[in-house]
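Order of appearance sets the numbers: ligands from 1, and atoms from 1 within every ligand. Counting begins at 1 with the first residue of the sequence.
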Amino acid sequence: MTIGIHDISAATGSLVFALADLAEHEGIDVGKYHRGIGQTEMSLTTEDEDIVTMAARAAKPILERHGVEGIRTVVFATESGIDQSKAASVFLHGVLGLPRSARVVEVKEACYSATAAIQFGLGIVERRPSERVLVIASDVARYELNSSGEATQGSGAVAMLIAKDPAVLEIEPVSGLWTDDVWDFWRPNDRSTALVDGKYSVQVYLESLEGAWQDYRANGGAEFSSFARVCYHQPFTRMAVKAQQRLARIADPDGESGDIDRLADTVEYNARIGNTYTASIYLALLSLLDNGPDLAGERIGFFSYGSGAVGEFFAGVLVPGYKAQMRTDELQGLLEQRRPIAYDEYRHRHIAYDRVGDFETADETQGDVRFAGIAEHRRLYESR
Ligand code: COA
């Protein structure tokens with residue numbers, strides 16, 4: 001029996017802000033953003049969008065295609081949680097009308113946790129192959145205005161159905177793991193923006209990649225030269241280039257497997273959406289599936305990283321016919337439909353983001369599910 005990703009779908013916030021606009025107001029060369037960090041735009045949420053509404057928008061096409069039968073577990077990975085106690089997936093369970101017979105939880109470890117969620121899903125399906133697990137990665141990546149991370153903000157969600165005999169990607173059993181207790185990026189409970197030691201976080205990311213790769217190989221993982229492509233966590237897409245170069249240096253110094261041209265198809269969505277934290281690496285996968293050549297039967301590597309810090313390297317093989325499962329036009333349509341906002345509106349929305357007490361939100365989202373506001377400390381969602 002093979003187990004893996006049976007279906008995958010994504011959504012982003014309905015607003016878009018161009019990094020050319022940010023560079024112009026900062027009085028710097030836009031080349032720093034376009035080439036230096038590899039980002040052109042960032043998706044931002046409207047007042048009535050959050051991690052739950054984006055998750056619902058990402059998951060809906062999967063449920064429409066496959067139904068809800070057999071989905072007894074929903075694991076929601078996020079580092080921009082909306083409640084300290086209640087899992088975001090319970091809100092999602094409600095708005096999607098999922099079966100009552102379900103275990104529904106949220107998991108956290110910075111940008112890494114969707115990978116843990118997938119591993120949990122693989123374990124559940126291994127024990128009971130009739131079950132399917134809905135994994136959601138959804139985040140709003142926010143940094144302070146005028147901080148080094150500001151240009152790497154973004155928002156988005158990826159939903160994946162983990163099942164036996166998957167139609168998209170068979171996930172192989174070997175993983176390479178790495179954890180170290182460090183302060184490269186974190187978000188204390190009283191803040192809605194992350195604190196980050198940017199340069200240090202790049203360094204820890206690369207150390208984690210090396211450590212996870214060595215553990216992957218020590219546990220019988222495949223050779224680097226056997227990977228057709230590697231999808232890396234992309235806090236900004238240029239990070240994937242740094243990662244590929246580092247891995248090639250230690251894993252295949254004389255070969256061509258580390259050719260950075262092989263990354264091109266994996267960065268298209270992230271360059272336009274920005275950092276989506278937990279969703280970022282799976283947006284890289286979706287970008288490859290949608291925009292790359294047909295790689296059926298080929299092995300794809302994955303390096304998942306979450307600051308703090310945890311890294312995992314694993315691999316999967318693309319299933320023949322996977323291209324026919326893709327909804328390429330739909331995600332590209334969502335990207336085109338985003339409403340562009342200018343610098344002043346971007347700044348205003350950033351400052352107005354942290355609202356407390358009871359309030360109602362303006363009706364702005366292009367999605368079917370909206371965050372309607374807060375009443376008596378309760379978050380309210382509406383479907384239409
Ligand atoms: N044209 C082309 N490239 C340019 C440029 C220009 N006009 N101006 C600068 N650059 C390049 C720099 O040379 C640098 O390249 P390098 O990384 O290969 O050295 C890159 O653009 C970034 O410039 P830098 O001055 O290092 O940017 P910064 O100090 O503003 O910070 C980060 C970059 C990544 C540290 C910052 O965006 C950040 O803190 N991000 C959030 C944390 C994060 O994403 N961490 C990643 C691990 S999780």
Those atoms of ligand 1 less than 4.0 Å from some heavy atom in G198 | 35 (C), 39 (O)
Show the numbers, then the answer: is there a side chain to side chain contact (heavy atoms under 4.5 Å, CB included) between S14 and R339?
-> CA-CA 6 Å; S14 297; R339 182 168 78 76; over 6 Å; no
If you measure from each heavy atom of K242 to ligand 1, is any distance below 4.0 Å?
-> yes
Establish, yes or no, whether a centroid distance under 6.0 Å links the rings of Y200 and F185.
-> no
Which of the ligand 1 atoms, numbered from 1, are nearer than 4.0 Å to a heavy atom of P235 | 44 (O), 46 (C), 47 (C), 48 (S)
Is it the case that Y353 and R355 place a side-chain donor and acceptor less than 3.5 Å from each other?
-> no
Nearest-contact summary for atom 42 (C) of ligand 1 - protein heavy atom, Å = V196 CG2, 3.6 Å
Can you find a non-hydrogen atom of Y33 under 4.0 Å from ligand 1?
-> no
Around atom 33 (C) of ligand 1, find the nearest protein heavy atom and jot down its residue, atom name and distance.
-> I37 CG2, 4.6 Å
E312 and S175 side chains, donor-acceptor separation under 3.5 Å | yes
If you have a sec, work out which protein heavy atom is nearest atom 36 (C) of ligand 1 and how many Å separate them, to one decimal?
-> S148 O, 3.3 Å
Output yes when a protein non-hydrogen atom is found under 4.0 Å of atom 12 (C) of ligand 1, and no otherwise.
-> no
Using modelled atom types only, decide if a donor and an acceptor are shared between the side chain of T365 and the backbone of D48 within a distance under 3.5 Å.
-> no
Whether T361 side chain and A372 backbone form a donor-acceptor pair below 3.5 Å = yes
So, do F302 and F313 have ring centers that fall under 6.0 Å from each other?
-> no
re atom 26 (O) of ligand 1, the protein heavy-atom contact at minimum distance is K199 NZ, 3.0 Å
Can you tell me if S280 and H233 form a side-chain donor-acceptor pair at under 3.5 Å?
-> yes
Counting heavy atoms only, which of A110, S208, G36 comes nearest to atom 15 (O) of ligand 1?
-> G36
When the ring planes of W213 and Y216 are compared, do they come out parallel, tilted or perpendicular, using 30° and 60° as the limits?
-> tilted
Can F314 be reached from L286 by stepping across I, L, V, M, F, W or Y side chains whose heavy atoms are under 4.5 Å apart?
-> yes
Which residue and non-hydrogen atom of the protein lie closest to atom 5 (C) of ligand 1, and at what distance in Å?
-> K32 CA, 3.4 Å
In this structure, atom 34 (C) of ligand 1 is nearest to the protein heavy atom F236 CE2, 3.3 Å
Does F185 approach ligand 1 within less than 4.0 angstrom via side chain, backbone, both or neither, non-hydrogen atoms only?
-> neither
Within the distance-only criterion (no hydrogens, no angle test), does the side chain of D180 pair as donor or acceptor with the backbone N or O of V182 below 3.5 angstrom?
-> no
Specify the protein heavy atom at minimum distance from atom 47 (C) of ligand 1: its residue, its atom name, and the distance to 0.1 Å.
-> S201 OG, 3.4 Å
Check ligand 1 against G31 and write out every atom of the ligand that is under 4.0 Å from a heavy-atom position of the residue.
-> 1 (N), 2 (C), 3 (N), 6 (C), 7 (N)
Measure from atom 28 (P) of ligand 1 to the protein's non-hydrogen atoms and state whether any distance is below 4.0 Å.
-> yes
Would you mind checking which non-hydrogen protein atom is closest to atom 7 (N) of ligand 1, with the distance to 0.1 Å?
-> D29 OD2, 2.9 Å
